[in-house]
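By convention here, the first residue in the shown sequence is residue 1.
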Amino acid sequence: FSSDNGIDVLEKDVVNISYKENKGDLWFGFQNGSICFYNGKEFALVNTQEPVKSTITGFSEDESNRMLVSTLNNGIVVVENMVEKKRLLTESENTFITALKLDENLLFVGSQDGLEIFEYLPDKIEIQLQLKIEELNFIKIQDIKLRSDKNGFWIATEDEGLYLLSLQNSSAYSLKKIGEDQGLGYLNVQSVYEDTENNLWISTLRNGVYKLHNPDTTGLISDIIHYDKNNGLTSNSVKHVFEDLEGNIWIATYGEGLALFLSDALTFFSYQVNGFSNNITSIAVQEDVLWLGGNEGLVKVPANLNNRK
């Protein structure tokens with residue numbers, strides 16, 4: 001890989017999360033609280049009314065193209081035109097936000113103490129608590145993703161595996177633990193990702209990656225493939241899985257850099273970037289470029305399979 005670290009506007013701090021908005025522009029959240037936007041040509045830092053001194057943990061955009069940015073313990077920053085418009089769930093109301101997802105007028109807020117669902121009022125930029133998922137009380141929520149068929153939400157947890165949450169109305173829901181009989185019930189799930197073939201990829205700490213073939217609307221699994229160091233994966237601790245425009249699966253690991261998975265024949269290629277640590281904490285794809293986040297900030301590398309090692 002050739003790397004490009006010449007990004008003067010950014011502080012050299014740990015990148016915790018990245019997000020690709022509907023228009024294709026990128027957002028990056030840093031451990032020191034910095035919020036960065038990249039439009040494909042230049043970077044800019046968001047101006048906040050009060051300093052954010054907490055790790056950025058999530059991004060989600062509303063119908064007015066505002067960006068909602070969750071912080072670990074400084075609430076949710078609502079950004080409009082690169083400026084903080086308002087802050088929701090301030091420190092006195094809710095602490096330790098670990099995951100965020102806005103779906104139409106419902107705002108899902110995951111924390112170290114479970115999952116709450118708020119009604120989001122975009123005209124007023126206000127939220128009202130609608131529902132608390134009692135079964136997830138005192139469980140850390142690490143990722144929230146809408147199913148590709150929109151029939152529910154995947155809820156990733158720390159040491160309690162993966163759940164499928166389905167909402168009937170503002171007060172009724174069903175919650176199902178996924179793959180408990182297949183040994184998935186108590187995984188430390190870092191993130192989940194659905195690829196273009198509707199396979200669900202589960203990234204875990206210490207247990208590698210699980211590929212679930214096309215779970216049905218109830219979460220029933222017909223086939224599971226487990227990838228770890230025993231069958232070629234470079235690390236058993238994985239932060240994210242991502243699919244590029246050519247259908248290649250990229251795997252961001254803790255400690256072993258970036259891995260590329262080409263086929264079910266267990267063909268993995270390991271990527272490392274000179275001067276950049278092997279702890280990949282975020283990954284975003286923009287056209288033919290990968291943006292990797294890690295302990296040293298951001299690095300840009302070409303998504304060129306001819307550069308594999």
Side-chain angles (χ1 to χ4, degrees), residues 1-62 64-72 74-88 97 99-102 143 191 193 239-245 250 252 257-258 271-304 307:
F1 275 142
S2 61
S3 63
D4 179 6
N5 288 304
I7 306 171
D8 297 333
V9 71
L10 298 182
E11 300 178 49
K12 293 288 185 179
D13 192 70
V14 179
V15 178
N16 189 61
I17 191 168
S18 60
Y19 178 84
K20 186 174 183 178
E21 65 176 33
N22 292 332
K23 295 187 299 182
D25 295 331
L26 302 180
W27 293 75
F28 301 96
F30 288 74
Q31 196 172 85
N32 67 0
S34 296
I35 306 167
C36 176
F37 171 78
Y38 180 65
N39 63 5
K41 296 181 179 179
E42 57 185 5
F43 289 85
L45 292 174
V46 170
N47 294 316
T48 56
Q49 296 174 9
E50 297 290 336
V52 176
K53 299 180 179 179
S54 178
T55 300
I56 304 303
T57 59
F59 291 97
S60 205
E61 57 188 305
D62 72 8
S64 300
N65 297 318
R66 301 186 194 97
M67 187 62 65
L68 278 63
V69 185
S70 62
T71 72
L72 188 60
N74 284 171
I76 299 172
V77 181
V78 181
V79 178
E80 186 173 37
N81 298 323
M82 297 303 297
V83 175
E84 178 181 352
K85 185 78 172 177
K86 195 170 184 178
R87 196 167 302 194
L88 308 172
I97 299 172
L100 187 75
K101 175 64 180 175
L102 179 63
D143 197 15
S191 63
Y193 182 79
K239 180 67 173 176
H240 291 291
V241 169
F242 201 88
E243 182 180 21
D244 66 21
L245 295 177
W250 299 86
L258 186 66
Y271 287 76
Q272 295 182 348
V273 181
N274 292 334
F276 198 72
S277 80
N278 291 328
N279 289 321
I280 307 298
T281 54
S282 72
I283 180 171
V285 179
Q286 191 175 49
E287 297 179 351
D288 58 349
V289 169
L290 298 178
W291 287 96
L292 307 181
N295 295 341
E296 294 82 12
L298 283 169
V299 65
K300 178 178 70 175
V301 297
N304 186 343
N307 289 338

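If you take CE on Met82 and CE on Met67, they are separated by 10.0 Å, rounding to the nearest 0.5 Å. To the nearest 0.5 Å, atom CG of residue Leu68 and atom NZ of residue Lys86 are 11.5 Å apart. Within the model, atoms CG of Leu100 and CD1 of Ile76 stand 5.0 Å from one another, a figure rounded to the nearest 0.5 Å. Between Tyr193 atom OH and Glu243 atom CD the span is 5.0 Å, to the nearest 0.5 Å. With values rounded to the nearest 0.5 angstrom, Ile17 atom CD1 is found 11.5 Å from Ile35 atom CD1. Atom CG in Leu290 sits 5.0 Å away from atom CH2 in Trp250 (nearest 0.5 Å).
Applying the side-chain hydrogen bond (donor to acceptor under 3.5 Å, both in side chains) definition to pairs two or more places apart or across chains, those involving residues 45-59 are Ser54-Asn73, Thr57-Ser70.
Pro51 and Arg87 make their closest contact through O-NH1, 4.1 Å (heavy atoms, listed as atom of the first residue, atom of the second, distance). For the residue pair Ile280 and Lys239, the shortest heavy atom distance occurs at O-CB, 3.6 Å. Shortest non-hydrogen contact noted between Leu292 and Ile283 is CD2-CG1, 3.9 Å. Considering all non-hydrogen atoms of both residues, Gly297 and Phe30 come closest at CA-CE2, 4.4 Å.
Distance alone, capped at 3.5 Å, is enough to place a donor-acceptor pair between the Asp62 side chain and the Ser64 backbone. With hydrogens and angles ignored, the 3.5 Å screen pairs no side-chain donor or acceptor of Asn16 with any backbone N or O of Gly29. Checked by atom type and distance alone, the side chain of Thr281 pairs as donor or acceptor with a backbone atom of Gly293 at under 3.5 Å. A donor-acceptor pair is defined here as one N or O able to donate and one able to accept, closer than 3.5 Å; no such pair exists between the side chain of Lys20 and the backbone of Gln286. Without hydrogens or angle criteria, Glu21 side chain to Glu61 main chain gives no donor-acceptor distance under 3.5 Å. With Ser18 contributing its side chain and Phe28 its backbone, the two residues share no donor-acceptor pair below 3.5 Å.
Between Tyr19 and Val69 there is no side-chain heavy-atom pair separated by less than 4.5 Å. You'll find the side chain of Val79 reaches within 4.5 Å of the side chain of Trp27, heavy atoms only.
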Quiz: residues 38-45 side-chain donor-acceptor pairs under 3.5 angstrom, not counting sequence neighbours:
from, atom 1, to, atom 2, distance (Å)
Tyr38, OH, Gly40, O, 3.0
Asn39, OD1, Lys41, N, 2.9
Asn39, OD1, Glu42, N, 2.9

